[in-house]
Protein chains: 2
Amino acid sequence: MDAIDLNLVDLLRGNARLSYAELARQVGLSAPAVHERVGKLESGGVIRAYRAEVEPETIGLGVTALIGIVEDSGADTDDVLEAFRAMPEIESCYFMAGVESFLLKARVGTIAELEQLIVRLNRTPGVASTRTGIALSTKWENRPQPVAPPTG
Amino acid sequence: MDAIDLNLVDLLRGNARLSYAELARQVGLSAPAVHERVGKLESGGVIRAYRAEVEPETIGLGVTALIGIVEDSGADTDDVLEAFRAMPEIESCYFMAGVESFLLKARVGTIAELEQLIVRLNRTPGVASTRTGIALSTKWENRPQPVAPPTG
DNA sequence: AGGTTGAGGTCGATGGCGTCCACGGACTGT
DNA sequence: ACAGTCCGTGGACGCCATCGACCTCAACCT
């Protein structure tokens, strides 16, 4: 992980569809060298995936909610996690410090679907209570912060 | 936005680096047809960006925090937003219903940096108070839920 | 009914790109 | 000094992106 690798990471976080040739021009190496470096970043677990970022409303996911979860005393956290994982609406899942063990980000199409999701969460064994906040709008999301040292 | 478009969106959310030829095979069209469709999805605002998803710890962003913001009565929300936007550590920003107007997701390298960020947030004009929760681990993040109707 | 128009597809060609391979130079440890 | 290793370059070759020409079909107008 040298400065060139960080540079490649920044470039690909900005635009995952850049060609190896273009990446090579940007970092001042040849295309095969970049190809090998990116391959190592992928297999080394630095780059996890390449994803298209989609405007959720346009694909029928207009409702965003953030849900805090309080576990039952004596709940099996792994089982709870497994149950969450099986719900595709839960896009993100953080294990938190504090009273609420988890914070979930969920996206659904309608408030009715959100209601159903919350009911399912409350019925999940190990879940004591939920606390839901609705996002009225997403100002921005997953903005990549640059990590490469400034060039020059 | 027909079923084929939704299919393309799902495919690209799963792997943004798929070639047009591969996409074409998957949806049963020719490569130029797919090229045109994807171009329209991009210029039509459905596909916002293509991003490499990176393991944050590997690039020195080991601390994730979720921060609720209570605004001053009479604060200018746009000014507050501008101030948040200028802080690169804030990766996501949701405008929320409830007492806390904003929920921020921030990533920094160390707890000391998080402390500095919170101080800066509390000093921001229009911010009355902050409430920070630390994510002990990210179980998953931005998992794309499929939206295309099942084929066949 | 028939002609026109436009959207959206296929096909074919071409230039650039991805990817494999052989080779070369700089560090490192002995 | 020398061998080994790492990391790069350059060349070659096949696939891909992308453009233009053409086709098909449905909607619409006269």
Side-chain angles (χ1 to χ4, degrees), chain A residues 1-61 142 144 146-152, chain B residues 1-61 142 144 146-152:
Chain A
M1 271 300 266
D2 60 5
I4 292 182
D5 281 341
L6 288 175
N7 225 309
L8 289 172
V9 164
D10 275 352
L11 288 166
L12 286 170
R13 288 214 294 173
N15 181 3
R17 280 182 82 82
L18 286 175
S19 67
Y20 290 115
E22 182 58 30
L23 291 170
R25 278 187 286 270
Q26 302 264 347
V27 302
L29 289 182
S30 65
V34 168
H35 187 256
E36 188 179 340
R37 276 173 178 265
V38 172
K40 285 182 182 171
L41 288 172
E42 293 169 358
S43 60
V46 175
I47 294 178
R48 211 186 310 156
Y50 301 97
R51 302 205 179 285
E53 194 183 293
V54 168
E55 199 72 43
E57 294 82 5
T58 64
I59 55 171
L61 295 174
N142 299 120
V147 291
T151 317
Chain B
M1 272 299 267
D2 60 4
I4 292 180
D5 281 341
L6 288 175
N7 226 309
L8 289 172
V9 164
D10 275 352
L11 289 167
L12 285 170
R13 289 215 293 172
N15 180 4
R17 279 181 82 83
L18 287 175
S19 68
Y20 290 115
E22 182 58 31
L23 291 170
R25 278 187 285 271
Q26 301 266 348
V27 303
L29 289 182
S30 65
V34 167
H35 189 256
E36 188 179 341
R37 276 173 177 266
V38 172
K40 285 182 182 174
L41 289 171
E42 292 169 359
S43 60
V46 175
I47 294 178
R48 211 186 309 157
Y50 301 97
R51 304 205 176 286
E53 195 182 294
V54 167
E55 199 72 43
E57 293 82 6
T58 63
I59 54 170
L61 295 173
N142 301 118
V147 293
T151 316

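Atoms NE2 (B/His35) and P (C/dG9) sit 14 Å apart, rounded to a whole Å. Here the C1' atom of nucleotide D/dA17 and the CD atom of B/Glu22 are 15 Å apart, to the nearest Å. B/Glu42 has its CD atom 13 Å from the P atom of D/dA17, to the nearest Å. Protein atom CD1 of A/Ile4 is 14 Å distant from nucleotide atom C1' of D/dC6, rounded to whole Å. Atom OH in A/Tyr20 sits roughly 15 Å away from atom P in D/dG8 (whole-Å rounding). B/Glu36 places its CD atom 9 Å from the C1' atom of C/dG9, with the value rounded to the nearest Å. Summarising the geometry, the separation between CG on B/Leu18 and P on D/dC16 is reported as 12 Å, rounded to the nearest angstrom.
Two residues are said to be in side-chain contact when any heavy atoms from C-beta on lie closer than 4.5 Å; A/Val27 and A/Leu11 meet this criterion. Contact of the A/Glu36 side chain with the A/Ser30 side chain is not registered, since no non-hydrogen atoms from C-beta on lie closer than 4.5 Å. Residues B/Arg13 and A/Ile59 are in side-chain contact: their nearest non-hydrogen atoms beyond the backbone lie under 4.5 Å apart. B/Arg17 is listed as a side-chain neighbour of A/Leu12, based on a closest heavy-atom distance under 4.5 Å.
In the set C/dG9, C/dC17, D/dC19, C/dG9 carries the atom at the smallest distance from any side-chain atom of B/Arg37. Listed nucleotides: C/dG9, C/dC17, C/dG18. Nearest to the side chain of A/Arg25: C/dC17. Of the candidate nucleotides D/dG11, C/dC11, D/dA17, D/dG11 has the atom nearest to the side chain of A/Pro32. Side-chain proximity of A/Lys40 to D/dT9, D/dC16, D/dC7: nearest is D/dC7.
Nearer the 5' end of DNA chain D, as judged by each residue's closest nucleotide, is the contact made by A/Ala33, out of A/Arg17 and A/Ala33.
Heavy atoms of A/Ser30 sit under 4.0 angstrom from at least one base atom.
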